[in-house]
Amino acid sequence: MVASGPFKLIYVCCEWVMRLVYINVLWVLFTLVGGIILGIYPATAATFTVVKQWLREEDVSIFRTFFQSYKSQFLRANLAGLILTVTGALIVINFQLVHLENQTAHFLFLMIMFVIACFFVVTLIYIFPLMADYSLSLKDYFTQAILIGIATPFRTLMIVAFLFGTTYIFLLLSTLLVLFGVSSVCLTIAYFTSRSVRKIEGKAAKYRKAQCVYLKV
């Protein structure tokens with residue numbers, strides 16, 4: 001029987017720490033199972049599947065849920081990951097190697113690349129959480145990820161700020177990165193993504209209701 005008061009809080013905190021460590025270990029193992037290159041993206045998608053069920057307070061078998069998600073999303077996650085990897089590499093190459101002699105043209109080029117980089121980051125943040133909840137075409141995953149980022153810019157900025165903050169902490173305390181670096185980041189992104197989606201769905205429901213009232217009138 002779990003005690004009440006501060007002891008219950010300690011118990012809950014320890015339980016969440018153990019969960020995050022466990023799912024982080026699974027992420028590392030299944031990334032290695034896929035030879036790193038073919039394992040990292042489906043392992044990330046599977047991690048989001050598990051943590052999203054935690055956020056919904058569902059009682060799940062962590063290993064079974066992770067393994068089933070890893071298998072079912074293996075091809076889809078790797079295709080999305082391949083597109084993201086190639087796109088990210090092209091963005092870095094363009095920033096590093098392209099230098100136009102005309103200063104105005106070079107400035108405009110950098111601004112365009114900056115906008116593209118922003119869309120890339122937004123897509124990278126939201127696409128794998130979407131895979132955990134929705135069965136869409138690959139094109140729709142990319143489209144919906146960008147739309148969520150545009151529709152909820154404040155939450156997107158909060159996620160980016162969190163990522164910068166955690167990166168700094170993990171660089172200082174590398175042990176934390178090994179224990180629950182990936183799982184804690186996935187949990188936080190999944191939390192904000194769920195709130196963003198609920199907000200968008202709520203607005204859509206209000207709009208449909210308003211449209212129905214308008215048509216009746």
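Worth knowing before you read on, the calculation uses all heavy atoms, side chains too, and leaves out hydrogens, waters and symmetry mates.
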Pairs meeting criterion salt bridge (charged side-chain N to carboxylate O under 4.0 Å, His left out) with involvement of [range], two or more places apart:
{"range": "residues 164-190", "value": "none"}
{"range": "residues 159-188", "value": "none"}
{"range": "residues 142-161", "value": "none"}

[X]: what forms a side-chain hydrogen bond (donor to acceptor under 3.5 Å, both in side chains) with it, not counting sequence neighbours?
{"X": "S69", "value": "T49, Q73"}
{"X": "Y134", "value": "E201"}
{"X": "Y70", "value": "none"}

Item to check | Side-chain cluster (under 4.5 Å, hydrophobic types only) that V92 belongs to, other residues | outcome: none
Hey, does [Y] have a side-chain heavy atom less than 4.5 Å from the side chain of [X]?
{"X": "S135", "Y": "R76", "result": "yes"}
{"X": "V197", "Y": "T193", "result": "yes"}
{"X": "M131", "Y": "Y141", "result": "yes"}
{"X": "F48", "Y": "L130", "result": "no"}
{"X": "T85", "Y": "Y41", "result": "yes"}

Checklist outcome for this item: Residues passing the salt bridge (charged side-chain N to carboxylate O under 4.0 Å, His left out) test with E58, sequence neighbours excluded, are R56
Checklist outcome for this item: For R19, the salt bridge (charged side-chain N to carboxylate O under 4.0 Å, His left out) test, sequence neighbours excluded, returns E15
Run the side-chain donor-acceptor check on residues 104-126: report pairs under 3.5 Å with partners two or more places apart or on a different chain.
{"from": "H106", "atom 1": "ND1", "to": "L100", "atom 2": "N", "distance (Å)": "3.3"}
{"from": "T123", "atom 1": "OG1", "to": "F119", "atom 2": "O", "distance (Å)": "2.8"}
{"from": "Y126", "atom 1": "OH", "to": "T156", "atom 2": "OG1", "distance (Å)": "2.7"}

Checklist entry - Would T65 and W54 count as a side-chain contact (heavy atoms from CB on, under 4.5 Å) if you check the C-alpha gap in whole Å, the side-chain angles of each, and the deciding distance to 0.1 Å? => result CA-CA 11 Å; T65 303; W54 288 347; over 6 Å; no
Where is the tightest heavy-atom contact between [X] and [Y], given as atom of each residue plus distance?
{"X": "P42", "Y": "N78", "result": "CD-OD1, 3.6 Å"}
{"X": "F66", "Y": "A46", "result": "O-CB, 3.5 Å"}
{"X": "W27", "Y": "T31", "result": "O-OG1, 2.6 Å"}

Please check if [X] and [Y] belong to a single hydrophobic cluster, counting links between Ile, Leu, Val, Met, Phe, Trp and Tyr side chain heavy atoms closer than 4.5 Å.
{"X": "L79", "Y": "F74", "result": "yes"}
{"X": "F154", "Y": "I200", "result": "yes"}
{"X": "I127", "Y": "L75", "result": "yes"}
{"X": "L20", "Y": "M18", "result": "no"}
{"X": "I37", "Y": "V33", "result": "no"}

Checklist entry - Checking side chain to side chain contact (heavy atoms under 4.5 Å, CB included) against L26, which of V182, T47, I62 comes through? => result I62
Checklist outcome for this item: Given the options V25, V51, I23, V50, S183 meets side chain to side chain contact (heavy atoms under 4.5 Å, CB included) only with I23
Checklist outcome for this item: One should read off an interatomic distance between L179 CG and S184 OG, to the nearest 0.5 angstrom, of 10.0 Å
Checklist entry - Can you tell me how far CG of L187 sits from CZ of F192, rounded to the nearest 0.5 angstrom? => result 10.5 Å
Item to check | Criterion side-chain contact (heavy atoms from CB on, under 4.5 Å) on L84 and F128, from CA distance to verdict | outcome: CA-CA 11 Å; L84 289 169; F128 292 107; 4.0 Å; yes
Which pairs would a plain distance check flag for residues 157-172, meaning a side-chain donor or acceptor within less than 3.5 Å of a matching protein atom at least two apart in sequence or in another chain?
{"from": "T166", "atom 1": "OG1", "to": "F162", "atom 2": "O", "distance (Å)": "2.9"}
{"from": "T166", "atom 1": "OG1", "to": "L163", "atom 2": "O", "distance (Å)": "3.1"}
{"from": "T167", "atom 1": "OG1", "to": "L163", "atom 2": "O", "distance (Å)": "2.6"}

Checklist entry - So F67 and F30, would you call those rings parallel, tilted or perpendicular, with 30° and 60° as cut-offs? => result tilted
Checklist entry - Does atom OH of Y191 have more than 12 heavy-atom neighbours, drawn from other residues, nucleotides or ligands, at distances under 6.0 Å? => result no
Got a list of side-chain donor-acceptor pairs under 3.5 Å for residues 144-152, not counting sequence neighbours?
{"from": "T152", "atom 1": "OG1", "to": "I148", "atom 2": "O", "distance (Å)": "2.7"}
{"from": "T152", "atom 1": "OG1", "to": "S196", "atom 2": "OG", "distance (Å)": "3.4"}

